Amino acid sequence: MNRFWCWGILNLVLLLGSCKADKKEITESAKPVMQISLARIDAMPNFPTPFKIMDFKALAMDFDSLAFDYSQTGEYWPLVWKDDSRKNFDQKTFGMYTAMGDIRQGESHYKGIFHESLSTMGTVLGASLVGIDKSQQEGENYVGMLKNYFNTETNWNIMMNNTSPEVAMLGGGYARDWWYDVYPNVLFYAIADLYPNEPDFKSLQRSIADKFYVADSILAGNYSYSFFDYSTMEPKESWICTQEDVAAGHAYVLYSAYKKFGDAKYLKGAKTATEALLSQKENRFYEILMPFGAYVSARLNAEQGTDYETKKIMEWTFDGTSVCREGWGVLVDNWNGYDISGLVGSTVDHGGFAFLMNTYDTMWPLVPMVRYDPRYANAVGKWMLNASNALKFFYPYEMPDDHQTIPERKDHTKGVIAYEGLIKEAHFDEYQHISAPVAIGDGPHWIEGNPDVSQFSVYGSGHVGIAAAIIEKTDVPEILKLNCLATDFYSDKAYPTFLIYNPHPEQQFISYECETLGKVDLYDAISHQIVAKNVTKSSKIEIPGIDSRLIVEIPASATITIKEGKYYVNNIVIAYK
């Protein structure tokens, strides 16, 4: 069936009742959304092998139940501990191991204060995304405990990776490595959207946004620094690469703040930070922030009428052309029969070195981005199929023993902790005999004496809830149903929206399970067709070959209107032109 043959008739019927749409708008809006191709994603396989999509939701639930259980027994358990140092806020907080068995962590080392927000915030966010209320879990408010990362004692007055500079040199950040100082605020803003009534959160969000706005103003488009001192409000350089893609982190937080508070200065800051990123003459992708720039760019274009070059940021995210952090991007390869395409990390280090957390966290901005720019539906859909499949290679019970460094130690993971990385050629001498791909981790390199089990990544594994909230299997194994609202924080009211990509050359029919209770019509925001009417619970729908649908569950028989290029039902945007 030709997916587009009847778009004109269907849209004419839908729009007859609209007094807001003029003839020109109807003609323009009726055109199906043409897809933008990204060469790096085009090079990924349509059918990655060996093929298996893990049950991410079950994994996320199991991780939370074990990682936050103080009664767990075992040589390297429990993973969580209480920190009563009362840094920044007069309350107890908690620590979570960064890697299993890290000899610097736990309540008996460094007074229990060495724990990283990448791990604690990541685990709270991941659990919250699968419906676990971390603000009241067995008598503990893990959400409120995160306030201790807000560094008032240093006068930085933003969220930091540690609660105190006393242990800063043990982890990342604190006046040397910029992304480590910015990303905790991106994580915190996401958590704050899920817990909008948590005491003190609004004032902390205001402080962070104000700091970022002033910093962006001081930088005035020049982000060519290694870090920014948010206490003295001065940009500085260290021995670490300049990190221009921090502009994307600033933009993400500032636009979130604008949607939260409505203050026009935050919108201005989000725009100038985005423009600073786009002004780069070369790819400056450093760690994790670049894809958030693509999301903000697309959303500003859709909601604010800007015309930013989102494709440029998408190519910087994927292409592996980053300078300084040489080759940072998304891997595309097959190692001895294992398709590892879609994983995020270095495309050149030891033949390729991908990381678990980076892959999970790149899903967070890129899947909701498709709502605001559906021209990337096929690209993101194909990437997600590859990445979702390759994630299993990090997990010791999913990876064959002869492709991991310490299979004899995997029982310590209790089935929920993965290796930190996946590498083509091991960067430890003792593991260089292992054929690619090699499940491995950096932990033993962090400090002399760290045990081999520190290759198991607690911090990365805790972010599994991002994938769990987004990815749903369908009755056609290679076709995933991706929730575009799950990580679309600070979004306007929206109907359930799902990206569904079909890698098969021929059309496929899937059983679509509705999220909405009651009757709905299933509207495709790419073809602008109603693909199923008066649906309750589920319906068979057709997905064209090597193509996508962006399904929006709208009320049955609703009138669709168009205003300024946007499609509405009941004054709720269902599609952007």
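What you see is a predicted model; the values in this text were computed from it and never measured. No hydrogens, no waters, no symmetry mates; every other heavy atom, side chains included, goes into these values.
- In this pair, F68 and F94 present their aromatic rings tilted. The plane angle is within the 30 to 60° band.
- Partner of Y223 under the ring-ring contact (aromatic ring centres under 6.0 Å, His included) criterion, out of W178, W179, Y286: W178 alone.
- A side-chain hydrogen bond (donor to acceptor under 3.5 Å, both in side chains) with Y149 is found for one member of T163, T120, N161 and no other, namely T120.
- Ring geometry for Y230 against H250 counts as perpendicular: the plane angle is over 60°, on a 0 to 90° scale with 30° as the lower cut.
- Counting only residues at least two apart or in different chains, salt bridge (charged side-chain N to carboxylate O under 4.0 Å, His left out) contacts with residues 492-502 comprise K259-D492.
- For the pair I36 and A379, the tightest heavy-atom approach, listed with the atom from each and the gap, is O-CB, 4.2 Å.
- The residue from Y195, F150, F188 that alone fulfils the ring-ring contact (aromatic ring centres under 6.0 Å, His included) condition with F201 is F188.
- When atom types are taken as modelled, the side chain of T413 and the backbone of G415 share a donor-acceptor pair closer than 3.5 angstrom.
- A donor and an acceptor atom, one from each side chain of Y255 and E303, are located under 3.5 Å apart.
- A perpendicular orientation is assigned to the rings of W364 and F292, their planes being inclined by more than 60° (bins at 30° and 60°).
- In summary, D200 and K147 engage in a salt bridge, as defined by a charged side-chain N under 4.0 Å from a carboxylate O.
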Legend entry - side-chain contact (heavy atoms from CB on, under 4.5 Å) assessment of I543 paired with I541: CA-CA 7 Å; I543 315 297; I541 64 170; 3.9 Å; yes
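- You'll find the ring centres of Y576 and Y372 inside the 6.0 Å limit.
- Of the charged side-chain nitrogens involved, at least one lies within less than 4.0 Å of a carboxylate oxygen, so that R325 and E287 count as a salt-bridged pair.
- Of all heavy-atom pairs spanning L289 and V246, the tightest one is CD1-CA, 3.8 Å.
- Side-chain polar atoms of N141 and S135 form no donor-acceptor pair below 3.5 angstrom.
- A cation-pi arrangement is absent between K260 and Y490 under the rule of less than 6.0 angstrom and at most 45 degrees off the ring axis.
- Applying the salt bridge (charged side-chain N to carboxylate O under 4.0 Å, His left out) test to every pair with at least one member in residues 355-382, sequence neighbours left out, gives these pairs: R371-D488, D373-R375.
- Note on residues 129-138: pairs passing salt bridge (charged side-chain N to carboxylate O under 4.0 Å, His left out), not counting sequence neighbours, are D64-K134.
- The two atoms that bring D55 and A58 nearest to each other are OD1-N, 3.1 Å, heavy atoms only.
- The closest donor-acceptor contact from the side chain of K312 to the backbone of L278 lies under 3.5 Å.
- A ring-centre distance under 6.0 Å is found for F353 and F355.
- Between Y338 and H403, the gap from one ring centroid to the other is short of 6.0 Å.
- We find that E398 and K52 are joined by a salt bridge, their nearest charged nitrogen and carboxylate oxygen being less than 4.0 Å apart.
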Inset, instruction - Show the numbers, then the answer: is there a side-chain hydrogen bond (donor to acceptor under 3.5 Å, both in side chains) between Q455 and T405? - result: CA-CA 9 Å; Q455 295 180 72; T405 55; 2.8 Å; yes
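- Taking the six-membered ring where the residue is Trp, the centroids of F489 and Y189 are separated by 6.0 Å or more.
- The pair D524-R549 counts as a salt bridge, with a side-chain nitrogen and a carboxylate oxygen less than 4.0 angstrom apart.
- Judged by a 6.0 Å distance limit and a 45° cone about the ring axis, K414 is not positioned over the six-membered ring of F63.
- For the residue pair Y495 / E515, no side-chain donor-acceptor distance below 3.5 Å is found, with atom types taken as modelled.
- Residue-environment remark: NZ (K481) exceeds the threshold of 12 foreign heavy atoms within 6.0 Å.
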